Amino acid sequence: MRTIVDLAGNKVILPPAKNLRRIVIIAPPLVSTFASLGIKARIVGAHKIAFDDANHELLDKVLPYWKEIPTNFIAGYTANTEALLNLHPDIIFVYGNFQKKGLQAIEIPVVDFFTMNHDNEFWSVAIEKLMKTIFQIKSSQNSVEKEWKKTHERIEPVLKNVMKKKPKGLMIMNNSAGKITVRGSESYGDDWLIKSGLINVAGHLKGEGKEVGMEQIYRWNPDIIYIFRGRPASDYLGNRIENQDWSLLKAYKEKAIYDCPRGMINWGAPSVDSPLMLQWMVSKNYKKGFHETKLPAIIKEYYQNLFNISLSHDLIQSILFPNGK
């Protein structure tokens, strides 16, 4: 037996990696990192968002059995303990105490990937390193950390030349049933906007999923809008959302409203795809400095390096445009 320290600071006693054959993953983004490491263990249960928010053709290549993985043992983010135990897991991955509900008394090790740091780069690197420790994987030639270094080499010359007056950006968390929520400060969405060279117009609101009205968005008048979940960008650009008039905004007039791509998961969430997300955003924010025509080759190389798979042109396009062009 061995002891590790998870990202939440808990000491967790684990058996050797060879005995960790059956994995349950409650935190959706962790599936993407697990799949990138070529681990021989099998996911026997996961949150359905891990698959709903992913490109299914890509999942077929990377995790061929994904359709067989049970997801109905989780309601919201709370697992039904009895149903979970029936999956006979050797280890369980969660994000935060709210995902541990009902798991405190079981004898199966629970590893918490929660951190207070809402930095996409920090978390995507940290979860990869922790998983390598859990599964006793030696350092390899390729890693998310190395891909982040390549990312910075590509985008830093562009961002250095950004005008002092940066464009204003907004990331919609969700828009459904007439309720609009946005990503404020101290959130992963805020980190995306700032790192890609924008001012987050919702930065004075703290946290994820802050509800706002159209009048507030009119006052902000963002130059660029990113859509994380909910109605697709085409509905905004077609001004087809009931009781919401987006045509008054600069982002609408400039056709600068974009769906977040979907690879191993929605790129708006921190994951193994995070270095690609930042490059994609910079290509939208500063088209002259980092043209989007560079992206297909970058994405192809990225998946070759981390997943050892070759992506077709059509698959890359479906990642970049999850709801069609």
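As the structure is a prediction and not an experimental result, all values here were calculated from the model.
- The backbone N or O of I134 lies less than 3.5 Å from a partner atom in the side chain of R2, making a donor-acceptor pair.
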Intermediate values then yes/no, salt bridge (charged side-chain N to carboxylate O under 4.0 Å, His left out), D90 and R21
CA-CA 6 Å; D90 297 313; R21 301 186 185 94; 5.5 Å; no
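- Less than 6.0 angstrom separates the ring centroid of W280 from the ring centroid of Y226.
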Apply the test side-chain contact (heavy atoms from CB on, under 4.5 Å) to residues I74 and N80: give CA-CA distance (whole Å), side-chain angles for both, the deciding distance (0.1 Å), then the verdict.
CA-CA 6 Å; I74 302 173; N80 178 299; over 6 Å; no
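- The other members of the hydrophobic cluster of I227, by chain and number, are L170, I172, I180, V182, V201, L205, V212, M214, I217, Y218, W220, I225, Y236, L237, I241, W246, L248, L249, Y252, I257 (side-chain heavy atoms under 4.5 Å, ILVMFWY only).
- A heavy-atom distance below 4.5 Å is not found between the side chains of I108 and V110.
- Residues M116 and I127 fall within the same hydrophobic cluster, defined by Ile, Leu, Val, Met, Phe, Trp and Tyr side chains chained together at heavy-atom separations under 4.5 Å.
- By the rule that hydrophobic residues join a cluster once side-chain heavy atoms approach within less than 4.5 Å of another member, L87 and V31 end up as members of separate clusters.
- We find the NZ-OG1 distance between K101 and T78 to be 5.0 Å, quoted to the nearest 0.5 Å.
- Using a 3.5 Å distance cut-off with no hydrogens or angles, the side chains of N175 and Q244 do pair a donor with an acceptor.
- Minimum heavy-atom separation, E186 to H118: O-ND1, 3.3 Å.
- Between D119 and K195 the shortest side-chain heavy-atom distance falls below 4.5 Å.
- Using a 4.5 Å cut-off on side-chain heavy atoms (C-beta onward), I298 and L276 make contact.
- Geometrically, R183 does not engage Y188 in a cation-pi contact, judged by NZ or CZ lying under 6.0 Å from the ring centre and within 45° of the ring axis.
- A donor-acceptor distance shorter than 3.5 angstrom exists from the side chain of D191 to the backbone of N120, with no hydrogens or angles considered.
- Judged by distance alone, with hydrogens and angles left aside, the side-chain atoms of Q136 form a donor-acceptor pair with the main-chain N or O of A17 at under 3.5 Å.
- Here CD of Q279 is found 9.5 Å from NE2 of H152. Values are rounded to the nearest 0.5 Å.
- Nearest heavy atom pair, residue L198 against residue G169, reads CD1-CA, 4.0 Å.
- Looking at L7 and V111, their side chains never come closer than 4.5 Å, going by heavy atoms from C-beta outward.
- Checked by atom type and distance alone, the side chain of S274 never pairs as donor or acceptor with a backbone atom of E121 at under 3.5 Å.
- In this structure, the side chains of F93 and M131 come closer than 4.5 Å at one or more pairs of heavy atoms.
- No salt bridge links E145 with K150; every basic N to acidic carboxylate O contact stays at or beyond 4.0 Å.
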Please report the C-alpha distance between K179 and N174 in whole Å, then the side-chain angles of each, then the deciding distance to 0.1 Å, and finally whether the side-chain contact (heavy atoms from CB on, under 4.5 Å) criterion is met.
CA-CA 8 Å; K179 180 180 177 180; N174 207 341; over 6 Å; no
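- For the side-chain contact (heavy atoms from CB on, under 4.5 Å) criterion with T133, the lone passing option out of D6, L14, I4 is I4.
- No hydrogens or angles considered: nothing links the side chains of E82 and N86 as a donor-acceptor pair under 3.5 Å.
- Applying the salt bridge (Lys or Arg N to Asp or Glu O under 4.0 Å) test to pairs two or more places apart or on separate chains, those with a residue in residues 271-289 are K284-E292.
- A distance of 6.0 Å or more separates the ring centres of F290 and Y286.
- A 4.5 Å side-chain heavy-atom check between P29 and W123 finds at least one atom pair inside the cut-off.
- Under the 3.5 Å distance criterion, the side-chain polar atoms of N285 are matched with a main-chain donor or acceptor of S196.
- Using a distance-only test at 3.5 Å, with no hydrogens or angles considered, no donor-acceptor pair links the side chain of R42 to the main chain of I23.
- I199 shares a hydrophobic cluster with no other residue; no ILVMFWY side chain has heavy atoms under 4.5 Å from its own.
- Residue-environment remark: CE (M1) exceeds the threshold of 12 foreign heavy atoms within 6.0 Å.
- Under a 3.5 Å cut-off, the side chain of S187 and the backbone N or O of G184 do form a donor-acceptor pair.
- Tracing side-chain contacts under 4.5 Å through hydrophobic residues (I, L, V, M, F, W, Y), one reaches I309 starting from Y65; they form part of the same cluster.
- Cluster annotation: F34 is connected to F113 through the hydrophobic network of ILVMFWY side chains, with a link wherever side-chain heavy atoms come within less than 4.5 Å.
- In this structure the side chain of V94 never reaches within 4.5 angstrom of the side chain of F114, judged on heavy atoms.
- The shortest non-hydrogen separation linking F228 to A269 is CE1-N, 3.6 Å.
- Taking CZ from F321 and CD1 from I316, the interatomic distance works out to 12.0 Å, rounded to the nearest 0.5 Å.
- For the pair E128 and S143, the minimum side-chain heavy-atom distance is below 4.5 Å.
- Considering all non-hydrogen atoms of both residues, L20 and P15 come closest at CD2-CG, 3.7 Å.
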Could you go through K168 and I224, starting from their C-alpha distance and side-chain angles, then the distance that decides it, and tell me whether this counts as side-chain contact (heavy atoms from CB on, under 4.5 Å)?
CA-CA 6 Å; K168 298 184 294 182; I224 300 167; over 6 Å; no
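- With rounding to the nearest 0.5 angstrom, the NZ atom of K160 is 11.5 Å from the CD1 atom of I155.
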Stepwise side-chain contact (heavy atoms from CB on, under 4.5 Å) check, M277 with C260:
CA-CA 8 Å; M277 173 66 168; C260 290; 3.8 Å; yes
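- Side chains of S312 and D314: no donor on one and acceptor on the other come within 3.5 Å.
- Looking at Q104, its side chain does come within 3.5 Å of a backbone N or O of G102 through a donor-acceptor pair.
- A salt bridge links K250 and D223; the closest N-O separation between the charged side-chain nitrogens and carboxylate oxygens is under 4.0 Å.
- Not one N or O on the side chain of T181 forms a donor-acceptor pair closer than 3.5 Å with the backbone of M173.
- I91 is not connected to V44 by any chain of hydrophobic side-chain contacts under 4.5 Å among Ile, Leu, Val, Met, Phe, Trp and Tyr, and they are in different clusters.
- Judged by distance alone, with hydrogens and angles left aside, the side-chain atoms of H47 form a donor-acceptor pair with the main-chain N or O of G76 at under 3.5 Å.
- Contact record, L59 with A54: CD1-CB, 3.7 Å, taken as the closest heavy-atom pair.
- Nearest heavy atoms, D259 versus P322: CB-CG, 4.3 Å.
- Side-chain atoms of S234 and N323 form no donor-acceptor pair, as typed in the model, at a separation below 3.5 Å.
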